[in-house]
Amino acid sequence: MKIALIDYGAGNLHSAGKALMRAADEAGIVAHVVLGANPEEIAEADRIVLPGDGAFRDCRENLAAVDGLEEVLHETVRVKGRPFLGICVGMQLLADVGEERGLTKGLGWVPGRVVALDPKERHLKVPHMGWNTLEKRADHPVLDGLPFGEDGLHAYFLHSYHLLPQNEADLIATANYGGAVSAIVGHGTAIGTQFHPEKSQTLGIKLLANFLRWAP
Amino acid sequence: MTLKTRIIPCLDVKDGRVVKGINFLELADVGDPVESAKAYDAAGADELCFLDITASHENRGTILDVVRRTAENCFMPVTVGGGVREVEDVRRLMLAGADKVSINTAAVKDRAIVGRAAERFGAQAIVVAIDAKRVSKDGEADRWEIFTHGGRHPTGIDAIEYAVSVADLGAGEILLTSMDRDGTKAGFDLKLTRAISDAVSIPVVASGGVGTLDHFVEGVTMGGASAVLAASVFHYGTFSVGQVKQHMAKAGIPMRLA
């Protein structure tokens, strides 16, 4: 299995690459990770992972700056239906529009907006920073065997904005932080996690293994 | 379904080596930051903090290699601070694998760096480290001032005013160290922690002075901290990370237990 881990200058990829290899081991899949943004490599990949650390606008501009990248992502994921995983801002980019520091257009694969967190309880601090458990909202193959709820596994969050999908069906899992925070969204063969699976230890590796096993 | 309080061990790194190594664990190389990071990861630390205290300019790059190797070997969130002067320094650390970068003196000199860094990397990645010391006398209204150079240089800047200002500029977290308490084991300066935590809407990490298990609890329940950072009590094995977390959970604080 060929995994394209997209490097477009929006953060570190070492952890994500290592976590994907460990997940492949766990899933019993022989895989190799290709780092970069070469459209030909991406077109041939069986799985595509788009990380993203930073501000929405900055990541969006970096993505647009790579010649042919958006086109090949669209073709490979939206037309050919290869499984795609967006992480953190890589997930937020799936929305129609982001509201962080001015309005910026996203890829529009998951109808919705990226809006500022606004926890109902005033004492809760933003960014939502640290370990939280998840609540399942919809069935999805990437959730297989993951324990949810109060006694479930923890995911590591680090964000001030989240993707609010227009369609309830696209919201796969949430975390509770003064209200529901989008944790996993999905539409077609594209999914995204607001938290960092590569920093979320057991839960992260299990989810990545499920993503590699997923055959939509 | 609650966000958990974080426990953050902090390692001082000089020229790519850990200065105060962990001496309670059987490590192959106590001076290797990556070995220490792995040990804390296994112990259940919620995040790790590297403070680069490299003095010479030529060796400044050594921390990048430490961060890179840690990111390759540990699936844990890492904050890196020390010697961050420009947005370019933040970028280099982020690309090496830091999840958050902490800015100290550079922000005291020119707060605008906080805004520039947050604009580029998002507020969630930018920590402002504040070293504060009480300057009010007994009987006077509480007042704390920002100090630099390990607490030796007063700046005349009010700590609360400064915290509010860097939060407005886009800092995502404040790492607050009481220079009066640092190294004393007398507990956090709870009044200071509470004053800063109440004044800003971003998370505050309490640091400086922890000596007992109850000190960790007080930092959260009385100080209002979202996370607690400590160095020597962990490195010298006074307490394990797990022991601290169990104690805090018993006190009713939501923790991520193994």
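Here is how names work: the chains are called A, B, and so on, in the same order as the sequence lines, proteins then strands, and each is numbered from 1.
- Proximity to chain A is absent for every atom of B:A167, based on heavy atoms less than 4.5 angstrom apart.
- To the nearest 0.5 Å, atom CZ of residue B:F75 and atom OG1 of residue A:T202 are 11.0 Å apart.
- Of the charged side-chain nitrogens involved, at least one lies within less than 4.0 Å of a carboxylate oxygen, so that A:R57 and B:E119 count as a salt-bridged pair.
- If you take CZ on B:F121 and CG on A:D58, they are separated by 7.0 Å, rounding to the nearest 0.5 Å.
- Considering all non-hydrogen atoms of both residues, B:D46 and A:W131 come closest at O-NE1, 2.9 Å.
- Note on A:R101, A:Q201, A:R22: by heavy-atom pairs under 4.5 Å with chain B, the leading option is A:R101.
- With chain A as the partner, the residue from B:Q124, B:R91, B:M76 showing the most heavy-atom pairs under 4.5 Å is B:Q124.
- Rounding to the nearest 0.5 Å places CD of B:E173 at 4.5 Å from CE of A:M129.
- Contacts of A:L153 with chain B are absent, with no heavy-atom separation under 4.5 Å from either backbone or side chain.
- Heavy-atom distances place both the backbone and the side chain of B:R120 under 4.5 Å from chain A.
- For the pair A:N132 and B:T2, the tightest heavy-atom approach, listed with the atom from each and the gap, is OD1-O, 3.2 Å.
- Counting non-hydrogen atoms of neighbouring residues, nucleotides and ligands closer than 6.0 angstrom, the NZ atom of A:K125 exceeds 12 such neighbours.
- A distance of 13.0 Å separates OG in B:S201 from NE2 in A:H123, rounded to the nearest 0.5 Å.
- Here A:Y156 contributes atom OH and B:R256 contributes atom CZ; the two are 10.0 Å apart, rounded to the nearest 0.5 Å.
- Residue contact with chain A, scored on non-hydrogen atoms closer than 4.5 Å, involves the backbone and the side chain of B:A71 alike.
- Using a 4.5 Å cut-off between heavy atoms, A:R122 makes no contact with chain B at all.
- With a 4.5 Å cut-off on non-hydrogen atoms, B:V67 does not touch chain A at all.
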